[in-house]
There are 2 protein chains.
Amino acid sequence: MSSVPASDDKNVTDQLALRRSQSLTSIVQLEIERLILQGELAPDTRINELSLANQLGVSRGPVREACRTLQALGLIESKPNRGFFVRLLTTKEAIEAYNTRAAIIAYAGMTLAPVIEQPQLELLNHLLDKMDTVVSRGEVGTYDPINLEFHDSILRMAGNERLRQTYHDLLREQHLFRHRGLSDGDNLAVSNREHRLIVDSLASKDANAAFNSMRDHVLLGMQRMLNAGSQ
Amino acid sequence: MSSVPASDDKNVTDQLALRRSQSLTSIVQLEIERLILQGELAPDTRINELSLANQLGVSRGPVREACRTLQALGLIESKPNRGFFVRLLTTKEAIEAYNTRAAIIAYAGMTLAPVIEQPQLELLNHLLDKMDTVVSRGEVGTYDPINLEFHDSILRMAGNERLRQTYHDLLREQHLFRHRGLSDGDNLAVSNREHRLIVDSLASKDANAAFNSMRDHVLLGMQRMLNAGSQ
DNA sequence: TCATTGTAAATTGTTGACAGTTTACAATAA
DNA sequence: TTATTGTAAACTGTCAACAATTTACAATGA
């Protein structure tokens, strides 16, 4: 026991716990992931191990280990003797990811519908209202986080963490498609109308309707993305 | 151009291509994966980096990189400062994996049913017959590979490689549950009756029936596994 | 006997160095 | 000009060594 006050003691404990869980590799991994998802490392660019290591103040070991993890997650790919490259999703791969994501969340909706409870429906309705508000105010940037929370809430309520993880793995991967981040324009209002259909089907406790509304929402989102990309 | 015969030339080219695609890391990864899936490295055991490296005649670098990949694949987990451990699936996690797998392949069946063609149905029927044969002869060990090919064929026919990959990721992960590998006894005949129901639903081109038969098959397999484990 | 402390061995985390391959580019020839 | 060859620089693949942490275990005391 040290002589410092209890509050500081807890601080030290927390810092140690943090230190233990955060190896250099995991920090580097999160940083590369951030660079990729925020577009600072564009698809198809090579990841220079040495310069990245210097930039982060570490050696190449942790960088390479982090890259292996990100490779398995599908964010980067390894070309032997040539290095790691940020992955670029083809249109075919993007379509496949969308369909797989549709399979996942439609199943979640199907299992959730028969057992959903009133407070859960209220939470979803609350998120719907928030999205309507930001759409009507034209606050485009704030829609996405609420949208994300809406879908994640449904996955949480479905109660299958593995299903939820798979969904997020696919969502992360989809950032690697060219046409991501294009302005959605008026589509946000359309998207939220689909959200209402989803909540309606869940409220009616109709498994098939929930399955269809969730699947259709993802696939219609795919159509919007493909249309935006072809313009 | 070298002066060696063409046949040798091709050999050299192949070897170079092989050499290029097989970094030490990928070889080590496959070897650890084999050790785990064949039960030579049991769940919850620590992976000693140095001894494994010596055993394979490489240094710790490639071993650690391979472990990061396998960690991302969910086969091993990393405890900071304590090393890599073969993952052990809890019953809850196994159930979640089964349900996620059901979601995946049910969706594949649903999309395949309306568009399946006669030669594809014939291939599936051929596999059914082969499984019936080995079951009637009591050749337990040969059932599994055909069973695997049956499901994989359906996923291939569905035409979504990402869906197929996710399915196999989940299947691989399920080897980490305690009660795997218990003798299935008479259940193989039951399993193959379910296979016939699947092919029937596909042949009728009924998307909903295909979805249900595929989902039920995976979930009934889960029940069999849970029952076997509780005995 | 049992719990506690201290020390050595084992093991992981990280680094820097070297070998082999790829890439960039200047020199040469058609 | 364009294609080809040769050379140097840059970079990846791999290894061995050192630092930091954990583990094993003997020594000590209640």
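Lettering follows sequence order; numbering is per chain, from 1.
Side chain of B:Asn81, nearest nucleotide from D:dT21, D:dC15, C:dT14: D:dT21. When the nucleotides C:dT23, D:dT22, C:dT14 are ranked by their closest atom to the side chain of A:Thr25, C:dT14 comes out on top.
Identified under the side chain to side chain donor-acceptor pair (under 3.5 Å) test for residues 145-154 of chain B, with sequence neighbours left out: B:Asn147-B:His151, B:Asn147-B:His195, B:His151-B:His217, B:Asp152-B:Arg156, B:Asp152-B:Arg164, B:Asp152-B:His168. Listed by first and then second residue, the salt bridge (Lys or Arg N to Asp or Glu O under 4.0 Å) pairs that reach into residues 73-82 of chain B come to none, sequence neighbours excluded. Within the structure, salt bridge (Lys or Arg N to Asp or Glu O under 4.0 Å) pairs that include any residue of residues 95-104 of chain B comprise B:Lys92-B:Glu96 (at least two apart or interchain).
Residues that satisfy the side chain to side chain contact (heavy atoms under 4.5 Å, CB included) test with A:Arg172, not counting sequence neighbours, are A:Glu33, A:Leu37, A:Leu73, A:Leu75, A:Asp169. Residues meeting the side chain to side chain contact (heavy atoms under 4.5 Å, CB included) test with B:Ala102, sequence neighbours left out: A:Tyr107, B:Arg215, B:Val218, B:Leu219. For A:Gln223, there are no side chain to side chain donor-acceptor pair (under 3.5 Å) partners, not counting sequence neighbours.
Proximity of residues 45-59 of chain B to DNA chain C (heavy atom under 4.0 angstrom from any strand atom) is restricted to B:Arg46, B:Ile47, B:Asn48, B:Glu49. For residues 62-78 of chain A, proximity to DNA chain D is found at A:Arg64, defined as any non-hydrogen atom under 4.0 angstrom from a strand atom.
For B:Arg60 and C:dG13, a side-chain-to-base donor-acceptor distance below 3.5 Å is present, hydrogens and geometry of angles not being considered.
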Run the side-chain donor-acceptor check on residues 52-63 of chain A: report pairs under 3.5 Å with partners two or more places apart or on a different chain.
| unit_1 | atom_1 | unit_2 | atom_2 | d |
| --- | --- | --- | --- | --- |
| A:Asn54 | ND2 | A:Leu50 | O | 3.4 |
| A:Arg60 | NE | A:Glu49 | OE1 | 3.1 |
| A:Arg60 | NH2 | A:Glu49 | OE1 | 3.0 |

